[in-house]
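All remarks here apply to the structure that follows.
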2 protein chains.
Amino acid sequence: MTGYGQFCPVAKACEILAERWTPLLVRELLAGGRRFSELQRGVPLMSKSLLADRLKSLERSGILKSAPLANGRGREYSLTEAGEELRPIVEGLGQWGWKWVKRSLAADELDAGLLMLDMGRHFAGDRLPAKRVVARIDFSGLPRGRVARRTWWVSVERPEGEVCPDPPSFDVDLEIDADLAALTRFWLGRATLANGVRTGAIKMRGPRALVDAFPTWFGVDGASTLRRPW
Amino acid sequence: MTGYGQFCPVAKACEILAERWTPLLVRELLAGGRRFSELQRGVPLMSKSLLADRLKSLERSGILKSAPLANGRGREYSLTEAGEELRPIVEGLGQWGWKWVKRSLAADELDAGLLMLDMGRHFAGDRLPAKRVVARIDFSGLPRGRVARRTWWVSVERPEGEVCPDPPSFDVDLEIDADLAALTRFWLGRATLANGVRTGAIKMRGPRALVDAFPTWFGVDGASTLRRPW
DNA sequence: CAGTATCCGATGCGATACTG
DNA sequence: CAGTATCGCATCGGATACTG
């Protein structure tokens, strides 16, 4: 038996949602993921066949819809109204997890790709510098055995920002050497960037003004607190 | 691999919660279930070994705590503060499920025991009759193959109410013959009781005043809407 | 790239039996 | 009653290969 055999709406919801990977896939869609490869970047340890399966079953359940892309191959996935209404639940899970799940980061939870993906989603558009600034981040402390780029570029020019694993065609203004765990702690709001610099886990080279401004590039519109990745 | 390998708090929360049966077990604890057998009544199709497993792992995760019962054997389970803070999430799932999951009830979702358990949890204390009233419910349309009592008693006397599968030592004032699907639809707020009576799916014998009052015995304190089972 | 198809192994989970 | 122990199967899901 695959369902729960209960009329209770909680049970019916859980039949759709409380499966392995499914809430994370919904999280990716809520975060704006639209293409297969884009979704895959958010759940790198999920096998692509399972990802395809889940996309199908979520479509059958009415959580998402998809349409073939105009230019040739692939489909575009997006949430239905029902799926969009899962937002408070997924956000609630994130807030609950942030508050209650153990704070220490295990080595196998660190993932530079996920970190940079999430940073790229949370630029504070109107607080970005008016003139283009490019930062290069070099990671240390990457977990062994997980394929990952060591070096990333963050390029911002109000009101747009971009994170990418390949060098942009602009000069680098700010160089950051970061222990992955330390930058992740910063990103999770568990530590300030300044604290990472103080302990030596993070090193920043560049104009003082840029060093100070870097952490302010990310966040929620107008809010002073760092946007957490959920 | 059992976890998700992500630092994201949504992922951390889902490692604990997005497992088969787990959200329903939390629902039972949120509803006030404290004893093993009581919890089991709320998830009758979950095997007891798995129930025991989940209780242990939820305790390790800090969702619930347990203590040996004073009088001999067994333990009492209850939510920790972390577990209690899952309430909005589980309620959110229920509301979402009520709104978005298909409305028709499959035969294998009908369960008289679950229905009566839930009704017994939602008496509208202050709207109950001042003098004791006993109703007997005889179900028809029970799904085959699922062990279930056909007959139940509902006994109320302000501000207390009780549902039980054995006759109380009071006379029956109100007799109800109910198709299980019809009463479940009523309970889910998908149809009025009067509608069930009109279609013949529900028959009530007793003083007119009691017939009319019966649906008002259940609900949330002071609210006019029926309390849904989540 | 954007999936689909196939295969196979781990483990999740249910059934049953056992215990104080 | 309130669990624990054991077993065995099914299905979930990951790996790999294949396709337009």
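In what follows, chains are A, B, ... by sequence order, proteins preceding strands, each numbered from 1.
- Summary of helix geometry: the two end axes of the helix from C:dC1-D:dG20 to C:dG20-D:dC1, each defined by five base pairs via their C1' atoms, are inclined to each other by 40° (rounded to 10°).
- Atom CD in B:Q40 sits about 9 Å away from atom P in D:dA2, given to the nearest Å.
- Atom pair B:Y4:OH and D:dG13:C1' shows a separation of 12 Å (rounding to whole Å applied).
- Within a heavy-atom distance below 4.0 Å of DNA chain C, the residues of residues 30-38 of chain A found are A:R35, A:F36, A:S37.
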Distance-only donor-acceptor hits, side chain of residues 51-62 of chain B, under 3.5 Å, sequence neighbours excluded:
residue : atom : partner : partner atom : Å
B:R54   : NE   : B:R20   : O            : 3.2
B:R54   : NE   : B:T22   : OG1          : 2.9
B:R54   : NH2  : B:R20   : O            : 3.1
B:S57   : OG   : B:R54   : O            : 3.4
B:E59   : OE1  : B:S66   : OG           : 3.1
B:E59   : OE2  : B:S66   : N            : 3.2
B:E59   : OE2  : B:S66   : OG           : 3.2
B:S61   : OG   : B:S57   : O            : 2.9

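- Here B:R149 pairs with B:D166 under the salt bridge (Lys or Arg N to Asp or Glu O under 4.0 Å) rule; sequence neighbours left out.
- A donor-acceptor pair under 3.5 Å is absent between the side-chain atoms of A:W100 and the main chain of B:E85, judged by distance alone.
- In this structure A:R136 satisfies the salt bridge (Lys or Arg N to Asp or Glu O under 4.0 Å) test together with A:D138, A:E175, sequence neighbours excluded.
- Annotation: of the two residues near DNA chain D, A:S47 and B:K48, the 5′-most nearest-nucleotide partner is B:K48.
- Under the salt bridge (Lys or Arg N to Asp or Glu O under 4.0 Å) criterion, B:E157 pairs with B:R132, sequence neighbours left out.
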Only distances under 3.5 Å count here; give the side-chain donor-acceptor pairs of residues 32-39 of chain A to other protein atoms, sequence neighbours excluded, each with its distance to 0.1 Å.
residue : atom : partner : partner atom : Å
A:E38   : OE1  : A:R34   : N            : 3.2
A:E38   : OE1  : A:R35   : N            : 3.2

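- The six-membered or imidazole ring of B:W21 lies near that of A:Y4, with a centre-to-centre distance under 6.0 Å.
- Looking at residues 49-59 of chain B, you'll see B:S49, B:A52, B:K56 sit with a heavy atom under 4.0 Å from some atom of DNA chain D.
- Scanning for side chain to side chain contact (heavy atoms under 4.5 Å, CB included) contacts around A:A201 gives A:D179, A:A182, A:T199, with sequence neighbours left out.
- Among residues two or more places apart in sequence or in another chain, the salt bridge (Lys or Arg N to Asp or Glu O under 4.0 Å) test is passed with A:E15 by A:K12.
- Residues that satisfy the ring pair (Phe, Tyr, Trp, His ring centres under 6.0 Å) test with A:F214, not counting sequence neighbours, are A:W217, A:F218.
- For the pair B:E19 CD and D:dG13 C1', the computed distance is 15 Å after rounding to whole Å.
- The CE atom of B:M46 sits 13 Å away from the P atom of D:dG3 (whole-angstrom rounding).
- In this structure, the side chain to side chain contact (heavy atoms under 4.5 Å, CB included) partners of A:P44, at least two apart in sequence or on a different chain, are A:D111, A:L114, B:Q6.
- Look at B:R20 and you'll find a side-chain N or O under 4.0 angstrom from OP1 or OP2 of C:dG14.
- Of the candidates D:dT4, C:dG3, C:dG14, the closest approach to any side-chain atom of A:Y77 belongs to C:dG3.
- The distance between atom CG of B:L69 and atom C1' of D:dG3, rounded to the nearest whole Å, is 12 Å.
- Here the C1' atom of nucleotide D:dC1 and the CG atom of B:L39 are 14 Å apart, to the nearest Å.
- In this structure, CH2 of A:W21 is placed 11 Å from C1' of D:dG14, rounded to the nearest angstrom.
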